[in-house]
Each structure stands twice: as C-alpha cells, then as structure tokens.
Amino acid sequence: MQITDRLADTARWLRYAEEDLITAETLLEQPHLPPRQSCWYAQQSAEKALKAVLIFLEIDFPRTHDLNVLRNLVPESWQLKAAHSDLASLTEWAAEARYPSDMPEATNADASEAVEQARAIWTSVSTTLAEHGYHVEQDL
C-alpha cells in the first residue's frame, strides 16, 4: 500500500472512530434511550481507533471485535498499549449490547464508563499517532 493510501485509510478509520464516539456521547445524554446503545458505540469507537493505529503501522489484524487482541498487536513502545492494559469490559459490549443474553441490561453507569474509556482510547490513539508524525485533525 502506498503511503498516501495508508494515511488516507488511517484518517478514515479515525474519523469513523470519532463519529462513533460522538454518537455514544450524544446517546448517553438522552435519558429516554437505552444505555446499551451508548455502550455499543463506545466499543465501536475504541475498535476503530485501535485499527487506525494498526493501519498506520501496516500491521495486519484479524477480523475481531476483541479490543485486547487488537491492542496486543500494537508495539510495546507505544504508550497507548500500557495505558489501556485491559479492555475486556469494553469488548463485551460488541455483542452484549446488540443481542439479548443472560448478562444484566446496561445501566447508565455502564454507559458512562464505556464512553469514558472510549474517549480515553481515542485521545491516546490520536496523541500517540501525532507523536509518531501523523497529524490528527480533531473535531471533538
């Protein structure tokens, strides 16, 4: 992949991550909407942000929603890897927010926590990319 294509793909994945984060935050502010929707968009934001890093680094990644699997592909030298050592609770929302299960329904506290974690991941990704020479256009 040419560098211009790789940078364009990185930008597109980051933009999608940002849009999902904005959606998660907006839904969280709507008390009449189910909190699980915010949880799902938060997970999606984090997933896309991590995949943006992997695209930037030209690291192939599997088709997965498991945020720990994706984070583990990031080189040890990247601060975001250490800063987000366990993403299992956010990963759960990839499926649990979309389908009925034995897991308890998401609460507003769950949604707030998921959105906060997604925001931290997005910020960490954009900061770390900038430290590695990628200019992140931030609309948030």
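- The same ILVMFWY cluster, assembled from side-chain heavy atoms under 4.5 Å apart, contains both Trp78 and Ile59.
- Between the Thr10 side chain and the Arg6 main chain, a donor and an acceptor come within less than 3.5 Å of each other.
- Both Leu21 and Leu70 are part of a single hydrophobic cluster, where members link through side-chain heavy atoms under 4.5 Å apart.
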Donor-acceptor pairs are to be reported for all side-chain atoms of residues 87-94 against protein atoms at under 3.5 Å, with residues two or more places apart or in another chain.
| unit_1 | atom_1 | unit_2 | atom_2 | d |
| --- | --- | --- | --- | --- |
| Thr91 | OG1 | Leu67 | N | 3.0 |
| Thr91 | OG1 | Leu87 | O | 3.0 |

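- For the residue pair Gln44 and Asp20, the shortest heavy atom distance occurs at CB-OD2, 3.4 Å.
- The shortest distance between side-chain heavy atoms of Lys81 and Pro75 does not fall below 4.5 Å.
- A distance of 12.5 Å separates CD of Gln37 from CD of Gln30, quoted to the nearest 0.5 Å.
- In plain terms, the two heavy atoms of Ser38 and Ala24 that are nearest each other are OG-O, 3.0 Å.
- Minimum heavy-atom separation, Lys51 to Trp13: CD-CZ3, 3.6 Å.
- Proximity of a side-chain donor or acceptor of Tyr41 to a complementary backbone N or O of Glu25 within less than 3.5 Å is not detected.
- Rounding to the nearest 0.5 Å places CD of Gln117 at 12.5 Å from OG of Ser112.
- Shown here are the salt bridge (charged side-chain N to carboxylate O under 4.0 Å, His left out) partners of Glu113, two or more places apart in sequence or in another chain: there are none.
- Pairing each heavy atom of Ala17 with each of Ala49, the nearest pair is CB-N, 3.6 Å.
- Partner of Leu80 under the side-chain contact (heavy atoms from CB on, under 4.5 Å) criterion, chosen from Thr127, Leu129, Thr128, Ile121: Thr128.
- Counted within 6.0 Å of CD on Glu116, heavy atoms from surrounding residues, nucleotides or ligands total 12 or fewer; the atom is thus considered open.
- The number of heavy-atom neighbours closer than 6.0 Å to CZ of Arg15, taken from other residues, nucleotides and ligands shown, is above 12.
- No donor-acceptor pair under 3.5 Å is formed between the side chain of Ser124 and the backbone N or O of Ala120.
- Arg36 places no side-chain N or O within donor-acceptor distance of the main-chain N or O of Glu105, the cut-off being under 3.5 Å.
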Next item on the list: Go through Thr107 and Asp110 one step at a time and tell me if the side chain to side chain donor-acceptor pair (under 3.5 Å) criterion holds.
Entry: CA-CA 5 Å; Thr107 65; Asp110 293 330; 3.2 Å; yes

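- Note that CG of Leu33 and CG of Leu28 are 10.5 Å apart. Values are rounded to the nearest 0.5 Å.
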Check: Between Arg119 and Thr123, does a side-chain contact (heavy atoms from CB on, under 4.5 Å) hold up when you go through it step by step?
Finding: CA-CA 6 Å; Arg119 164 68 65 193; Thr123 300; 3.8 Å; yes

Margin query: Does Leu14 form a side-chain contact (heavy atoms from CB on, under 4.5 Å) with Phe56? I'd like the steps, not just the answer.
Written below: CA-CA 11 Å; Leu14 277 175; Phe56 177 77; over 6 Å; no

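- Of the inter-residue distances, the one linking Leu54 atom CG with Asp9 atom CG reads 13.0 Å to the nearest 0.5 angstrom.
- Distance check, rounded to the nearest 0.5 Å: OG of Ser77 to NE2 of His132 gives 5.0 Å.
- Nearest approach of Cys39 to Ala114, heavy atoms of both residues: CA-CB, 4.1 Å.
- We find the OH-CG distance between Tyr134 and Leu57 to be 12.5 Å, quoted to the nearest 0.5 Å.
- Arg98 meets the side-chain hydrogen bond (donor to acceptor under 3.5 Å, both in side chains) test with no other residue; sequence neighbours excluded.
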Margin query: Before you tell me yes or no, could you show the steps for Phe61 and Ile55 under side-chain contact (heavy atoms from CB on, under 4.5 Å), namely the whole-Å CA-CA distance, both residues' side-chain angles and the distance that decides it to 0.1 Å?
Written below: CA-CA 9 Å; Phe61 52 88; Ile55 290 166; 3.8 Å; yes

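- In terms of hydrophobic clustering, with Ile, Leu, Val, Met, Phe, Trp and Tyr side chains grouped at heavy-atom distances under 4.5 Å, Ile22 and Tyr16 are assigned to different clusters.
- Heavy-atom contacts from other residues, nucleotides or ligands closer than 6.0 Å to CG of Asp60 number 12 or fewer.
- Looking only at side-chain heavy atoms (C-beta outward), Pro62 and Leu73 come within less than 4.5 Å of each other.
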